[in-house]
Amino acid sequence: MKKIFVLNGSRRKKGNTAKFISTITNKLEGFNIEVAHPQDFYIKPCVGCHKCFYQVQCVQKDELSLLEERILNSDLFILASPVYLHYMTGELKMILDKLSWWAHTLRLQGKPVVLLSTCSSNGHETVIKPLGEIMNFMGGNVIATANASMMFNHLGNEKWLKEVSEEVVRRINKIINEPPQSNHFIETVFNNTKRMMQSQAILLKKNDVDVEYGELDYWINSGMLNFETFSDYLDSRL
């Protein structure tokens, strides 16, 4: 059974964002769906030590690895947040900060991603847009986005909810049985990051430095460094 993991960045487990999510998940059939919130995990804030970029894991002892496992083991990732001061919630941002090494390793590896947000009177794109960019940098293939605005009474508009939720569900059902896929945003990230990793490899070899550089090691061990495109790399894994 395919797994869908939902991370709701809201502090309210029964708030507007949860309602928006449920209009979609209630229409999904035949999937193992898990919904989680940041407060479900004991996660310490990032201390800015940068060691994750070298060791490819956080040095702090918390439950971040449990959340990572849930995301990576899913076949589709739904990420949602209400708008707080024109941005995502602080709890969600803290989690993404601690997963920043994923943005240098495309760790989501073409996993399909759905992005949802809710807002009161403004902020229609102030969560969706940055989350979309972050997911692309992390190698996530964003297949659908939607924002529900209280100003337009979207959550009280059954016609709007039906149309939006059915379209998102249609896209999920269409892609979830397909292998991970790239897109032109991810390809740009792949090309730029690959050049950075190649420069790091040349520099280390030139200076004959024997250090653990986790991100470069990930690129080498995964085989990504050997491919011209991220799409070709994903195809090689089939």
Side-chain angles (χ1 to χ4, degrees), residues 4-26 33-49 52 58 60 62-68 70-72 74 76-103 107-108 111-157 160-161 164-165 167-168 172 185 189:
I4 296 177
F5 181 69
V6 183
L7 181 58
N8 179 1
S10 176
R11 296 165 186 165
R12 298 192 300 156
K13 293 189 175 184
K14 296 183 180 180
N16 290 326
T17 307
K19 179 179 179 180
F20 191 26
I21 292 170
S22 66
T23 63
I24 294 169
T25 55
N26 288 344
I33 302 175
E34 178 184 1
V35 179
H37 300 76
Q39 58 265 39
D40 296 336
F41 303 87
Y42 171 59
I43 298 179
K44 297 179 180 178
C46 176
V47 295
C49 68
C52 61
C58 184
Q60 297 197 85
D62 58 14
E63 295 180 336
L64 180 67
S65 62
L66 298 179
L67 180 55
E68 289 180 284
R70 301 286 208 288
I71 298 172
L72 295 177
S74 66
L76 184 137
F77 181 34
I78 298 178
L79 186 58
S81 175
V83 174
Y84 275 33
L85 196 61
H86 294 272
Y87 205 55
M88 68 190 76
T89 62
E91 289 87 348
L92 181 56
K93 180 60 166 62
M94 181 178 71
I95 289 171
L96 294 175
D97 282 347
K98 296 198 68 176
L99 295 177
S100 57
W101 73 270
W102 284 18
R107 190 65 182 88
L108 291 178
K111 186 187 301 293
V113 178
V114 172
L115 302 177
L116 304 174
S117 68
T118 56
C119 67
S120 295
S121 58
N122 50 37
H124 302 271
E125 295 183 353
T126 57
V127 164
I128 294 295
K129 188 174 186 295
L131 281 183
E133 293 172 347
I134 291 170
M135 290 299 103
N136 283 325
F137 271 99
M138 290 184 171
N141 180 27
V142 179
I143 64 166
T145 66
N147 173 77
S149 170
M150 303 307 108
M151 182 173 67
F152 297 111
N153 192 33
H154 282 154
L155 294 183
N157 185 332
W160 184 91
L161 278 176
V164 171
S165 60
E167 174 60 20
V168 175
I172 290 175
F185 298 108
V189 173

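Lys44 pairs by the side-chain hydrogen bond (donor to acceptor under 3.5 Å, both in side chains) definition with nothing, not counting sequence neighbours.
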Pairs under 3.5 angstrom only: tabulate donor-acceptor contacts from the side chains of residues 85-93 to other protein residues two or more places apart or in another chain.
unit_1: Thr89; atom_1: OG1; unit_2: Gly9; atom_2: O; d: 2.8
unit_1: Thr89; atom_1: OG1; unit_2: Leu92; atom_2: N; d: 3.3
unit_1: Glu91; atom_1: OE1; unit_2: Arg11; atom_2: NE; d: 3.0
unit_1: Glu91; atom_1: OE1; unit_2: Arg11; atom_2: NH2; d: 3.3
unit_1: Glu91; atom_1: OE2; unit_2: Arg11; atom_2: NE; d: 2.8
unit_1: Lys93; atom_1: NZ; unit_2: Asp97; atom_2: OD1; d: 2.5
unit_1: Lys93; atom_1: NZ; unit_2: Asp97; atom_2: OD2; d: 3.3

Which donor-acceptor pairs under 3.5 Å do the side chains of residues 138-148 make with protein atoms, sequence neighbours left out?
unit_1: Asn141; atom_1: OD1; unit_2: Asn183; atom_2: ND2; d: 2.9
unit_1: Asn147; atom_1: OD1; unit_2: Ser117; atom_2: OG; d: 2.6
unit_1: Asn147; atom_1: ND2; unit_2: His124; atom_2: ND1; d: 3.4

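Within the 4.5 Å cutoff, the side chain of Lys111 has heavy atoms near those of the Ser74 side chain. You'll find the side chain of Leu64 reaches within 4.5 Å of the side chain of Leu99, heavy atoms only. Side chains of Thr118 and Ser81 form no contact here, defined as non-hydrogen atoms less than 4.5 Å apart. Residues Ile4 and Phe77 have side chains not in contact (no heavy-atom distance under 4.5 Å, counting atoms from C-beta outward). Looking only at side-chain heavy atoms (C-beta outward), Gln39 and Lys13 come within less than 4.5 Å of each other.
Lys98 contributes no side-chain N or O that, together with a main-chain N or O of Pro45, makes up a donor-acceptor pair within less than 3.5 Å.
The environment of Phe41 atom CZ is dense: over 12 non-hydrogen atoms of other residues, nucleotides or ligands sit within 6.0 angstrom. Within a 6.0 Å radius of CZ in Phe5, more than 12 heavy atoms belonging to other residues, nucleotides or ligands are found.
Asn8 pairs with exactly one of Leu79, Thr17, Ile78 by the side chain to side chain contact (heavy atoms under 4.5 Å, CB included) rule, that one being Thr17.
When all heavy atoms are compared, the tightest approach of Ser149 to Ser120 is OG-O, 3.7 Å.
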Leu72 and Arg107: CA distance, side-chain angles, deciding distance, side chain to side chain contact (heavy atoms under 4.5 Å, CB included) verdict:
CA-CA 8 Å; Leu72 295 177; Arg107 190 65 182 88; 3.5 Å; yes

Please determine whether side chain to side chain contact (heavy atoms under 4.5 Å, CB included) holds for the pair His37 and Val35, giving the CA-CA distance in whole Å, both sets of side-chain angles, and the decisive distance to 0.1 Å.
CA-CA 7 Å; His37 300 76; Val35 179; 4.2 Å; yes

Apply side chain to side chain contact (heavy atoms under 4.5 Å, CB included) to residues Ile134 and Leu96 and explain how you reach the verdict.
CA-CA 8 Å; Ile134 291 170; Leu96 294 175; 4.0 Å; yes

Check against side chain to side chain contact (heavy atoms under 4.5 Å, CB included), His154 and Leu161
CA-CA 7 Å; His154 282 154; Leu161 278 176; 5.7 Å; no

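Atoms CG and CG, from Asp62 and Leu67 in turn, are 10.0 Å apart once rounded to the nearest 0.5 Å.
Ion pairing of Asp40 with Arg70 is absent here, as no side-chain N (NZ or NE/NH1/NH2) approaches a carboxylate O to less than 4.0 Å.
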